[in-house]
Amino acid sequence: MKFEAMNDRQRSRREPSDIAGRVERPSERERASQPLGDVSPAEFRQQLHELADWIADYRENIGKLRVAPNAKPGAILAALPKQPPEEGEAFEKILADIDRLIVPGMVHWGHPMFLGYFGWTATAPGILGEIISVPLNVNAMTWRTSPAATELETLVIDWLRQWLHLSEKFDGVVYDTASVGVMHALAVAREEAAPSVRKRGLVAAHAPVFRIYASEQAHSSAEKAAIALGLGEENVPRVPTDAEFRMDPAALRKMIAQDRHDNFRPLAVIATVGTTSTASVDPIPEISKICRENKMWLHIDGAYGGALAMLSEYEWIMAGWEEADSIVINPHKTLFVPLDFSVLYVRDLERLRRVFTLVPEYLRGDTVEAQKNYMDYGIQLGRRFRALKAWMVFRSFGRAGMAARIREPVRLANLFADWVRTESGFELAAPVNMGVVCFRFVGTDEGKIDMLNGEIVERINASGRAYLTQTKLNGRTVMRVGFGNVLTTEQHARNAWDLIRETASELNREK
Ligand SMILES: Cc1ncc(COP(=O)(O)O)c(C=O)c1O
């Protein structure tokens, strides 16, 4: 029944709380006792001052904290009230619980001894930028709803493009993550290969079975994208790599030919600059040639390593980029912008817009200006003002400051690798390409090596003194450290290495 069609009698009959699911109306007394509006300006100001000290203290003392908690799964949840609060609680009480329960339950990714995954930092300018974006709380879906957020996004994307020496053929869009970036890139590839999929769907458009190729070292976001796009994760065959974990172009060529023969339709290749385990760099010029010959989309996953193109000594990693259709770079990994901030560049960005533009009636009036409306470049309508934090980081450090700061983790990785090389009982498991070192303890019986390497990582992480990760290379378990946090100094690297050596001999004695 339409609401307007109800007569007064019906309406009054429906008002009492006897209707299932209807919330009982508050009494006059209850209503008077419920505060409305926000926290008072004076109180908020005081809380902000307190929070400023909290954040500064956290940053200053982060190195004294355990890197990771020793809590058992579920312990944090068990310490928190199961029922939501009926009455509002004081800021001081909430902050005290953050100190008492939340902070000790965190893995402190910003800790200088956190060497897991890829090292990164929420730098001070990034934190400040993130803080400022919260009270602004804009929705950067169209230019009209957020002129400054839109134009600043365009600006920081272009600044980064210039720093990466990419030509103006490339323009981009900011997403939360590289996984979302690759999904959008492959959606464009799919649409260009089967032009009516957007409108009619894969089946009605009689789309072929597409294949997307990525090396066996590439990130699993390739499969996630295939899942989301209805292409199927099995249609992401993994291409073998060489002894240095780089995609083998000859194997790629063979796989494409075989797939064509088997009636598959090769759609795209994902080449990685800085693979997840070893930071290896795929041979993009050869791969791009294969893509050109086969009319395939070339996506470069530079989520971690792409930003190193800012350094003159890494110019070589950019070979072939100009031939790419899309490139993803994660400033939240390598360029000191707090999570999340990922840029997808597309050669001729209009290709992306064509696939995703869709203006609902209620937004039509908001899209009349010629300016970019970033909602047209992806599935998200509501968009955060992410550009502000990147702008603050980029301005605060400048190109030279950024370059110096991304060069240091590479120096630390090479130093660490030298220590591994000269220590008996240890060996490097992969070449050091960027800020990542993969290595193994081998000073024990062959049969125990894999287990022991895993246990070293587990014991160190449980100690709270450092945090490493493990991975598998050529079927063997290896340890892995990732530098990239601006707070990690040579002394921290040294301390981590001493801890690894001590833990290895301790565990070896126990076995
Ligand atoms: C090479 C590479 N690509 C993509 C990703 C996914 O990044 P995101 O978390 O931004 O989706 C990762 C994550 O570590 C990665 O290492």
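All ligand and atom numbering here is 1-based and tracks the order in the structure.
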Against heavy atoms of Ala303, which atoms of ligand 1 measure under 4.0 Å?
2 (C), 3 (N), 4 (C)

Between ligand 1 and Phe118, can you find any atom pair, the residue atom being a heavy atom, that is separated by under 4.0 Å?
yes

Strictly distance-based, threshold 3.5 Å: is any side-chain N or O of Thr469 a donor or acceptor partner for the main-chain N or O of Tyr117?
yes

Quick one about Ser326 and His299 (side-chain donor to acceptor, distance below 3.5 Å, no hydrogens or angles considered), yes or no?
yes

Against the six-membered ring of Phe118, is Arg480 placed for a cation-pi contact (under 6.0 Å from the centre, within 45° of the normal)?
yes

Quick test: of every protein heavy atom, which one is nearest to atom 11 (O) of ligand 1, and how far off is it to 0.1 Å?
Ser179 OG, 2.5 Å

Return the residue, atom name and 0.1 Å-rounded distance of the protein heavy atom closest to atom 7 (O) of ligand 1.
Lys333 NZ, 3.3 Å

Knowing that exactly one of Val346, Leu344, Asp301, Ile300 qualifies, which makes a side chain to side chain contact (heavy atoms under 4.5 Å, CB included) with Ile327?
Ile300

Ala178 N/O under 3.5 Å from ligand 1 N/O
yes

Compute whether any side-chain donor of one residue and acceptor of the other, for Tyr58 and His108, lie under 3.5 angstrom apart.
yes

Flag for Ser342-Asn330: side-chain donor and acceptor within less than 3.5 Å
yes

Give me the residue, atom name and distance of the protein heavy atom closest to atom 16 (O) of ligand 1.
Thr276 OG1, 2.9 Å

Which residue supplies the protein heavy atom nearest to atom 12 (C) of ligand 1, what is that atom called, and how far is it?
His219 CD2, 3.3 Å

Can you tell me which residue and heavy atom of the protein come closest to atom 2 (C) of ligand 1, and the distance to 0.1 Å?
Asp301 OD2, 3.4 Å

Which of the atoms in ligand 1, numbered in the order shown and given with their element, are less than 4.0 Å from a heavy-atom of His332?
10 (O)

Find all atoms of ligand 1 within a distance of less than 4.0 Å from any non-hydrogen atom belonging to Gly274, and give their numbers and elements.
1 (C)

Looking at Trp159, does the NZ or CZ of Arg161 lie under 6.0 angstrom from its six-membered ring centre and within 45 degrees of the ring axis?
no

Compute the shortest N/O to N/O distance between Tyr304 and ligand 1 and return yes if it is under 3.5 Å, no if not.
no

Passing option when His492 is tested against Thr488, Thr489, Asn495 for side-chain hydrogen bond (donor to acceptor under 3.5 Å, both in side chains)
Thr489

Relative to ligand 1, is Val182 under 4.0 angstrom through side chain, backbone, both or neither, heavy atoms considered?
neither

